[in-house]
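Count residues from 1 along the sequence. Here the structure is a predicted model, which is why all the values come from computation and not from measurement.
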Amino acid sequence: MNELDMLRAAQPDVPAPSRESLDGALARILADGPEAGPTGRRAALPGRRAVLAGGIAAAAAVAVGVVPVLGGHGSAPAEAAVVLRRAAAATRAGADAAARPGQWIYVESTVRGVPGAGVMWAPGEDADTPHPTTSFHIRSWYPATGGKIRDCKPAGGRHGWCAVDPAMVVRQVNGREENLALFPDQHGWDPDNEEFVRSLPTDPALLRARVYAQADEKSFLQNFDRDQAAVETVADLMQGHIPRDLRAALYDVLARVPGVRLDKDAVDNAGRHGIGFARTGQGERLQIIVARGSYRYLGDRLTAVGDLPGGVKAGTLLRCSAQLRVSVVDKPRQRPA
(Lines give C-alpha, C1' and ligand atoms only; values in the text may rest on other atoms or scores of the structure.)
Protein backbone atom coordinates (compact mmCIF):
# COMPACT_ATOMS: atom_id res chain seq x y z
CA MET A 1 0.00 0.00 0.00
CA ASN A 2 1.43 3.44 -0.91
CA GLU A 3 1.18 6.64 1.12
CA LEU A 4 -1.88 7.98 -0.70
CA ASP A 5 -3.74 4.69 -0.18
CA MET A 6 -3.03 4.85 3.55
CA LEU A 7 -4.26 8.43 3.72
CA ARG A 8 -7.44 7.47 1.91
CA ALA A 9 -8.06 4.62 4.33
CA ALA A 10 -7.47 6.85 7.35
CA GLN A 11 -9.58 9.73 6.06
CA PRO A 12 -12.15 8.27 3.62
CA ASP A 13 -14.28 11.42 3.65
CA VAL A 14 -11.47 13.76 2.68
CA PRO A 15 -11.72 14.63 -1.03
CA ALA A 16 -8.89 13.51 -3.28
CA PRO A 17 -6.27 16.16 -4.12
CA SER A 18 -6.69 17.94 -7.42
CA ARG A 19 -4.67 16.99 -10.51
CA GLU A 20 -2.99 20.43 -10.40
CA SER A 21 -1.81 20.03 -6.80
CA LEU A 22 -0.51 16.51 -7.47
CA ASP A 23 1.32 17.65 -10.60
CA GLY A 24 2.94 20.49 -8.67
CA ALA A 25 3.93 18.29 -5.76
CA LEU A 26 5.39 15.61 -8.02
CA ALA A 27 7.32 18.23 -9.98
CA ARG A 28 8.85 19.62 -6.78
CA ILE A 29 9.82 16.15 -5.57
CA LEU A 30 11.40 15.30 -8.91
CA ALA A 31 13.22 18.62 -9.05
CA ASP A 32 14.74 18.06 -5.59
CA GLY A 33 15.22 14.30 -5.84
CA PRO A 34 18.40 12.38 -6.61
CA GLU A 35 17.42 11.81 -10.21
CA ALA A 36 17.02 15.51 -10.99
CA GLY A 37 19.36 16.73 -13.69
CA PRO A 38 20.00 19.96 -15.59
CA THR A 39 16.83 21.80 -16.56
CA GLY A 40 16.04 22.97 -20.05
CA ARG A 41 13.35 24.75 -21.88
CA ARG A 42 6.65 20.05 -24.26
CA ALA A 43 1.68 6.03 -27.32
CA ALA A 44 2.63 2.75 -26.75
CA LEU A 45 -0.69 1.42 -25.95
CA PRO A 46 -1.85 0.98 -29.50
CA GLY A 47 -4.01 3.99 -30.09
CA ARG A 48 -4.14 7.57 -31.31
CA ARG A 49 -1.22 8.63 -33.45
CA ALA A 50 0.94 5.64 -32.54
CA VAL A 51 -1.33 3.14 -34.23
CA LEU A 52 -1.12 4.72 -37.65
CA ALA A 53 1.83 7.07 -37.15
CA GLY A 54 -0.51 9.92 -37.87
CA GLY A 55 -3.88 8.39 -36.99
CA ILE A 56 -6.83 9.73 -34.99
CA ALA A 57 -8.93 8.96 -31.96
CA ALA A 58 -12.18 7.49 -33.21
CA ALA A 59 -14.17 8.55 -30.16
CA ALA A 60 -13.90 10.88 -27.18
CA ALA A 61 -11.98 9.47 -24.21
CA VAL A 62 -13.92 7.96 -21.32
CA ALA A 63 -13.31 9.74 -18.03
CA VAL A 64 -11.48 7.55 -15.52
CA GLY A 65 -11.07 8.73 -11.94
CA VAL A 66 -7.45 7.85 -11.30
CA VAL A 67 -5.35 9.59 -8.66
CA PRO A 68 -1.67 9.65 -9.70
CA VAL A 69 0.68 8.04 -7.19
CA LEU A 70 4.32 8.76 -6.65
CA GLY A 71 6.64 6.30 -8.32
CA GLY A 72 8.90 5.76 -11.28
CA HIS A 73 11.94 7.06 -9.41
CA GLY A 74 15.38 6.39 -10.83
CA SER A 75 16.88 6.89 -14.24
CA ALA A 76 17.85 5.05 -17.39
CA PRO A 77 21.05 2.96 -17.34
CA ALA A 78 24.15 5.11 -17.72
CA GLU A 79 24.85 4.38 -21.40
CA ALA A 80 21.33 5.32 -22.49
CA ALA A 81 21.20 8.34 -20.17
CA VAL A 82 24.42 9.78 -21.60
CA VAL A 83 23.17 9.49 -25.20
CA LEU A 84 19.77 10.92 -24.25
CA ARG A 85 21.40 13.95 -22.62
CA ARG A 86 23.46 14.42 -25.77
CA ALA A 87 20.33 14.12 -27.89
CA ALA A 88 18.60 16.77 -25.76
CA ALA A 89 21.51 19.21 -26.13
CA ALA A 90 21.77 18.69 -29.91
CA THR A 91 18.02 19.05 -30.41
CA ARG A 92 17.84 22.38 -28.58
CA ALA A 93 20.43 23.87 -30.95
CA GLY A 94 18.07 24.87 -33.73
CA ALA A 95 15.00 26.89 -34.67
CA ASP A 96 11.54 25.84 -35.77
CA ALA A 97 8.28 27.48 -36.77
CA ALA A 98 4.92 27.17 -35.07
CA ALA A 99 1.78 26.52 -37.08
CA ARG A 100 -0.60 29.49 -37.14
CA PRO A 101 -4.38 29.18 -36.69
CA GLY A 102 -5.84 28.16 -40.03
CA GLN A 103 -2.75 26.21 -41.07
CA TRP A 104 -2.44 22.42 -41.22
CA ILE A 105 0.06 19.84 -39.97
CA TYR A 106 1.18 17.38 -42.65
CA VAL A 107 2.42 13.98 -41.46
CA GLU A 108 3.67 11.32 -43.89
CA SER A 109 4.51 7.87 -42.57
CA THR A 110 4.46 4.13 -43.14
CA VAL A 111 3.42 1.43 -40.68
CA ARG A 112 2.84 -2.31 -40.53
CA GLY A 113 1.92 -4.61 -37.69
CA VAL A 114 -0.55 -6.99 -36.07
CA PRO A 115 -4.16 -5.80 -36.30
CA GLY A 116 -5.68 -5.20 -32.88
CA ALA A 117 -2.38 -5.70 -31.08
CA GLY A 118 0.12 -3.24 -32.53
CA VAL A 119 -2.05 -1.21 -34.90
CA MET A 120 -5.65 -0.37 -35.61
CA TRP A 121 -6.45 -0.07 -39.30
CA ALA A 122 -8.56 2.62 -40.88
CA PRO A 123 -10.55 1.90 -44.04
CA GLY A 124 -8.30 1.95 -47.05
CA GLU A 125 -6.67 -0.29 -49.59
CA ASP A 126 -6.24 -3.82 -48.14
CA ALA A 127 -7.29 -2.51 -44.72
CA ASP A 128 -10.19 -4.93 -44.32
CA THR A 129 -7.89 -7.95 -44.30
CA PRO A 130 -4.47 -6.63 -43.25
CA HIS A 131 -1.50 -8.87 -42.63
CA PRO A 132 1.46 -8.10 -40.36
CA THR A 133 3.67 -7.79 -43.45
CA THR A 134 1.37 -5.29 -45.20
CA SER A 135 2.93 -1.82 -45.10
CA PHE A 136 0.56 1.15 -45.22
CA HIS A 137 1.67 4.48 -46.65
CA ILE A 138 -0.23 7.25 -44.86
CA ARG A 139 -0.54 10.97 -45.52
CA SER A 140 -2.51 12.98 -42.95
CA TRP A 141 -3.46 16.64 -42.66
CA TYR A 142 -4.47 17.91 -39.20
CA PRO A 143 -5.87 21.40 -38.52
CA ALA A 144 -3.38 23.13 -36.24
CA THR A 145 -6.00 24.23 -33.72
CA GLY A 146 -7.51 20.79 -33.08
CA GLY A 147 -10.93 20.03 -31.61
CA LYS A 148 -12.68 21.84 -28.76
CA ILE A 149 -14.73 20.89 -25.71
CA ARG A 150 -17.22 23.61 -24.72
CA ASP A 151 -20.41 24.41 -22.83
CA CYS A 152 -19.81 21.81 -20.13
CA LYS A 153 -22.69 21.25 -17.72
CA PRO A 154 -22.16 20.40 -14.02
CA ALA A 155 -21.00 16.85 -13.43
CA GLY A 156 -22.98 14.40 -11.33
CA GLY A 157 -26.06 12.29 -11.85
CA ARG A 158 -27.19 12.02 -15.45
CA HIS A 159 -26.80 15.69 -16.30
CA GLY A 160 -23.03 16.09 -16.72
CA TRP A 161 -22.07 16.57 -20.36
CA CYS A 162 -20.05 18.75 -22.73
CA ALA A 163 -20.47 19.79 -26.33
CA VAL A 164 -17.61 18.51 -28.50
CA ASP A 165 -16.42 20.13 -31.70
CA PRO A 166 -14.14 17.59 -33.43
CA ALA A 167 -11.33 18.56 -35.75
CA MET A 168 -11.76 17.23 -39.27
CA VAL A 169 -8.73 15.34 -40.53
CA VAL A 170 -7.94 14.47 -44.13
CA ARG A 171 -6.06 11.20 -44.52
CA GLN A 172 -4.87 9.14 -47.47
CA VAL A 173 -4.08 5.45 -46.86
CA ASN A 174 -2.27 3.86 -49.80
CA GLY A 175 -3.74 6.60 -51.97
CA ARG A 176 -7.36 6.18 -50.84
CA GLU A 177 -8.71 9.31 -49.17
CA GLU A 178 -11.01 9.55 -46.16
CA ASN A 179 -12.23 12.35 -43.91
CA LEU A 180 -12.18 11.62 -40.20
CA ALA A 181 -13.32 13.35 -37.02
CA LEU A 182 -10.62 13.85 -34.38
CA PHE A 183 -12.21 14.20 -30.94
CA PRO A 184 -10.37 16.09 -28.18
CA ASP A 185 -9.49 14.25 -25.01
CA GLN A 186 -11.81 15.10 -22.12
CA HIS A 187 -8.83 15.20 -19.75
CA GLY A 188 -7.15 17.89 -21.83
CA TRP A 189 -4.32 15.73 -23.25
CA ASP A 190 -4.45 16.47 -26.98
CA PRO A 191 -1.09 16.02 -28.80
CA ASP A 192 -2.72 16.56 -32.20
CA ASN A 193 -3.53 20.15 -31.18
CA GLU A 194 -0.76 22.70 -31.81
CA GLU A 195 -2.01 24.91 -28.98
CA PHE A 196 -1.87 22.05 -26.50
CA VAL A 197 1.57 20.93 -27.63
CA ARG A 198 3.05 24.39 -27.15
CA SER A 199 1.41 24.70 -23.72
CA LEU A 200 3.38 21.74 -22.34
CA PRO A 201 6.29 22.60 -20.05
CA THR A 202 9.79 22.27 -21.45
CA ASP A 203 11.44 22.08 -18.05
CA PRO A 204 12.32 18.36 -17.80
CA ALA A 205 11.06 17.94 -14.21
CA LEU A 206 7.73 19.63 -14.93
CA LEU A 207 7.30 17.73 -18.20
CA ARG A 208 8.11 14.45 -16.45
CA ALA A 209 5.35 15.16 -13.95
CA ARG A 210 2.87 15.75 -16.78
CA VAL A 211 3.97 12.62 -18.64
CA TYR A 212 3.58 10.43 -15.55
CA ALA A 213 0.21 11.98 -14.71
CA GLN A 214 -0.98 11.08 -18.22
CA ALA A 215 0.53 7.59 -17.89
CA ASP A 216 -1.52 7.10 -14.72
CA GLU A 217 -4.72 7.40 -16.75
CA LYS A 218 -3.95 3.80 -17.86
CA SER A 219 -3.50 2.45 -14.33
CA PHE A 220 -6.80 0.55 -14.52
CA LEU A 221 -5.25 -1.79 -17.11
CA GLN A 222 -4.13 -5.26 -16.13
CA ASN A 223 -0.37 -5.61 -15.46
CA PHE A 224 -0.01 -1.82 -15.48
CA ASP A 225 3.63 -0.70 -15.55
CA ARG A 226 3.86 3.02 -14.78
CA ASP A 227 7.30 3.54 -16.29
CA GLN A 228 6.35 1.65 -19.45
CA ALA A 229 3.19 3.76 -19.80
CA ALA A 230 5.35 6.87 -19.47
CA VAL A 231 7.58 5.71 -22.34
CA GLU A 232 4.46 5.05 -24.43
CA THR A 233 3.27 8.60 -23.70
CA VAL A 234 6.63 10.02 -24.80
CA ALA A 235 6.55 7.90 -27.98
CA ASP A 236 3.09 9.21 -28.82
CA LEU A 237 4.21 12.82 -28.44
CA MET A 238 7.34 12.20 -30.50
CA GLN A 239 5.25 11.38 -33.56
CA GLY A 240 3.69 14.81 -33.87
CA HIS A 241 4.71 18.30 -34.90
CA ILE A 242 6.49 19.47 -31.75
CA PRO A 243 9.00 22.28 -31.13
CA ARG A 244 12.65 21.47 -30.66
CA ASP A 245 12.78 22.52 -27.01
CA LEU A 246 9.90 20.18 -26.19
CA ARG A 247 11.50 17.27 -28.09
CA ALA A 248 14.74 17.97 -26.21
CA ALA A 249 12.85 17.88 -22.91
CA LEU A 250 11.29 14.54 -23.90
CA TYR A 251 14.80 13.10 -24.30
CA ASP A 252 15.58 14.40 -20.80
CA VAL A 253 12.41 12.72 -19.52
CA LEU A 254 13.44 9.38 -21.09
CA ALA A 255 16.83 9.71 -19.39
CA ARG A 256 14.96 9.73 -16.06
CA VAL A 257 12.87 6.61 -16.74
CA PRO A 258 14.35 3.47 -15.15
CA GLY A 259 14.82 0.59 -17.55
CA VAL A 260 15.29 2.60 -20.77
CA ARG A 261 18.20 1.06 -22.66
CA LEU A 262 20.27 2.06 -25.68
CA ASP A 263 20.12 0.06 -28.92
CA LYS A 264 23.10 1.05 -31.06
CA ASP A 265 21.55 -0.15 -34.32
CA ALA A 266 17.80 0.18 -34.76
CA VAL A 267 15.87 -0.02 -38.05
CA ASP A 268 12.57 1.71 -38.84
CA ASN A 269 9.85 0.59 -41.27
CA ALA A 270 11.56 2.44 -44.14
CA GLY A 271 14.80 0.50 -43.61
CA ARG A 272 16.66 3.50 -42.16
CA HIS A 273 19.28 2.73 -39.52
CA GLY A 274 19.50 4.82 -36.38
CA ILE A 275 19.79 4.40 -32.63
CA GLY A 276 17.00 3.19 -30.38
CA PHE A 277 15.84 3.90 -26.86
CA ALA A 278 13.90 0.86 -25.67
CA ARG A 279 12.07 -0.34 -22.60
CA THR A 280 10.31 -3.60 -21.81
CA GLY A 281 7.13 -3.83 -19.76
CA GLN A 282 3.54 -5.11 -19.84
CA GLY A 283 4.62 -7.98 -22.08
CA GLU A 284 5.98 -5.69 -24.80
CA ARG A 285 9.22 -4.01 -25.82
CA LEU A 286 8.84 -0.49 -27.20
CA GLN A 287 11.74 1.04 -29.11
CA ILE A 288 11.86 4.73 -30.08
CA ILE A 289 14.16 5.16 -33.10
CA VAL A 290 16.05 8.38 -33.88
CA ALA A 291 18.64 9.38 -36.47
CA ARG A 292 22.29 9.33 -35.54
CA GLY A 293 23.81 12.77 -35.12
CA SER A 294 20.65 14.84 -35.63
CA TYR A 295 18.52 12.74 -33.24
CA ARG A 296 15.48 13.38 -35.43
CA TYR A 297 12.58 11.03 -34.72
CA LEU A 298 12.44 8.19 -37.29
CA GLY A 299 9.79 5.79 -36.00
CA ASP A 300 9.15 3.04 -33.48
CA ARG A 301 9.04 -0.74 -33.08
CA LEU A 302 6.77 -2.65 -30.71
CA THR A 303 7.57 -6.33 -30.08
CA ALA A 304 5.82 -8.92 -27.92
CA VAL A 305 8.19 -10.37 -25.31
CA GLY A 306 5.58 -12.75 -23.95
CA ASP A 307 2.48 -14.46 -25.28
CA LEU A 308 -0.37 -11.96 -25.55
CA PRO A 309 -4.17 -12.35 -25.80
CA GLY A 310 -5.50 -13.27 -29.22
CA GLY A 311 -2.87 -15.93 -29.91
CA VAL A 312 0.00 -13.46 -30.37
CA LYS A 313 3.24 -15.28 -29.60
CA ALA A 314 6.37 -13.96 -27.96
CA GLY A 315 8.76 -12.43 -30.47
CA THR A 316 6.01 -11.17 -32.79
CA LEU A 317 6.59 -7.72 -34.27
CA LEU A 318 3.42 -5.88 -33.26
CA ARG A 319 4.18 -2.59 -34.98
CA CYS A 320 6.94 -1.01 -37.04
CA SER A 321 6.58 2.57 -38.21
CA ALA A 322 8.59 5.20 -40.07
CA GLN A 323 7.94 8.94 -40.00
CA LEU A 324 8.92 10.26 -43.43
CA ARG A 325 7.90 13.91 -43.19
CA VAL A 326 6.29 16.38 -40.76
CA SER A 327 5.67 19.91 -41.91
CA VAL A 328 3.32 22.91 -41.75
CA VAL A 329 1.20 23.61 -44.83
CA ASP A 330 -1.53 26.12 -45.65
CA LYS A 331 -4.32 23.76 -46.64
CA PRO A 332 -5.27 20.07 -46.68
CA ARG A 333 -3.91 17.92 -49.52
CA GLN A 334 -1.01 20.35 -49.96
CA ARG A 335 2.40 18.66 -49.77
CA PRO A 336 5.50 20.46 -48.58
CA ALA A 337 7.94 21.48 -51.26
Step by step, work out the salt bridge (charged side-chain N to carboxylate O under 4.0 Å, His left out) result for Arg319 and Glu284. CA-CA 11 Å; Arg319 181 179 67 251; Glu284 299 172 344; over 6 Å; no

Do side-chain atoms of Asp300 reach the backbone of Gln287 as a donor and acceptor pair under 3.5 angstrom? no

Look up atom CG in Leu254 and atom CZ in Phe277, then write down how far apart they are to the nearest 0.5 Å. 7.5 Å

Could you please spell out the steps behind the salt bridge (charged side-chain N to carboxylate O under 4.0 Å, His left out) verdict for Arg139 and Glu177? CA-CA 9 Å; Arg139 291 187 172 93; Glu177 183 170 309; over 6 Å; no

Spacing of CD belonging to Glu232 relative to CG belonging to Leu286, to within rounding of 0.5 Å: 6.5 Å

Members besides Tyr106 in its Ile/Leu/Val/Met/Phe/Trp/Tyr cluster (side-chain heavy atoms under 4.5 Å): Trp104, Trp141, Val170, Val329

Report yes or no: do Met168 and Val164 belong to one cluster of Ile/Leu/Val/Met/Phe/Trp/Tyr joined by side chain heavy-atom distances under 4.5 Å? no

Dump the intermediate steps for side-chain hydrogen bond (donor to acceptor under 3.5 Å, both in side chains) on His137 and Glu108, then the final yes or no. CA-CA 8 Å; His137 186 214; Glu108 183 178 357; 2.8 Å; yes

Verify the cluster assignment for Leu262 and Ile288: are they in a single hydrophobic cluster under the rule of side-chain heavy atoms below 4.5 Å apart? yes

Ignoring hydrogens and geometry, is there a side-chain-to-backbone donor-acceptor pair from Thr233 to Ala229 under 3.5 Å? yes

Does Arg100 pair with Glu194 as a salt bridge, N-O distance under 4.0 Å? no

Nearest non-hydrogen partners of Met238 and Ile242, listed with the distance: CA-CD1, 4.3 Å

Distance-only, no hydrogens or angles: does the Asp263 side chain make a donor-acceptor pair with backbone N or O of Ala266 under 3.5 Å? no

side-chain contact (heavy atoms from CB on, under 4.5 Å) filter on Val305, not counting sequence neighbours, yields Thr280, Arg285

Could you walk me through whether Gln103 and Asp330 satisfy the side-chain hydrogen bond (donor to acceptor under 3.5 Å, both in side chains) test, starting with their C-alpha distance in whole Å, then the side-chain angles of each, then the deciding distance to 0.1 Å, before giving a yes or no? CA-CA 5 Å; Gln103 289 189 302; Asp330 293 324; 2.9 Å; yes

Taking every non-hydrogen atom, the tightest pair across Ala322 and Ala270: CB-N, 3.5 Å

Lys/Arg-Asp/Glu bridge criterion (N-O < 4.0 Å) met for Arg247, Asp96: no

What's in the same ILVMFWY side-chain cluster as Leu298, cut-off under 4.5 Å, chained through other members? Ile289

As a quick check of understanding, evaluate side-chain hydrogen bond (donor to acceptor under 3.5 Å, both in side chains) for Ser321 and Asn269, giving each step before the final call. CA-CA 5 Å; Ser321 71; Asn269 195 45; over 6 Å; no

In Å and rounded to the nearest 0.5 Å, what is the CG to NE2 distance from Asp192 to His241? 13.0 Å

Any side-chain to backbone donor/acceptor pair from Asp216 onto Ser219? Under 3.5 Å, distance only. no

So, does Tyr251 use its side chain to make a donor-acceptor pair with the main chain of Tyr295 at under 3.5 Å? yes

Could you work out, with side-chain contact (heavy atoms from CB on, under 4.5 Å) as the rule, every residue matching Arg261, not counting sequence neighbours? Pro77

Running the 4.5 Å side-chain criterion over Ile, Leu, Val, Met, Phe, Trp and Tyr, what cluster does Leu317 land in, apart from itself? none

Spell out, yes or no, whether Val107 and Leu324 are grouped together once hydrophobic residues are joined by side-chain heavy atoms under 4.5 Å, including indirect joins. no

So does Thr91 get a backbone contact from the side chain of Arg244, meaning a donor-acceptor N/O pair under 3.5 Å? yes

Checking His273 now: which residues fulfil side-chain contact (heavy atoms from CB on, under 4.5 Å) with it, not counting sequence neighbours? Asp265, Val267, Arg292

Return yes if some donor-acceptor pair links the side-chain N/O of Arg208 with the main-chain N/O of Arg256 below 3.5 Å, else return no. yes

If you compare all heavy atoms of Asp236 against all heavy atoms of Pro191, which two are closest, and at what distance to 0.1 Å? OD2-CG, 3.9 Å

Check this for me: Arg272, atom CZ, are more than 12 non-hydrogen atoms of other residues, nucleotides or ligands nearer than 6.0 Å? yes

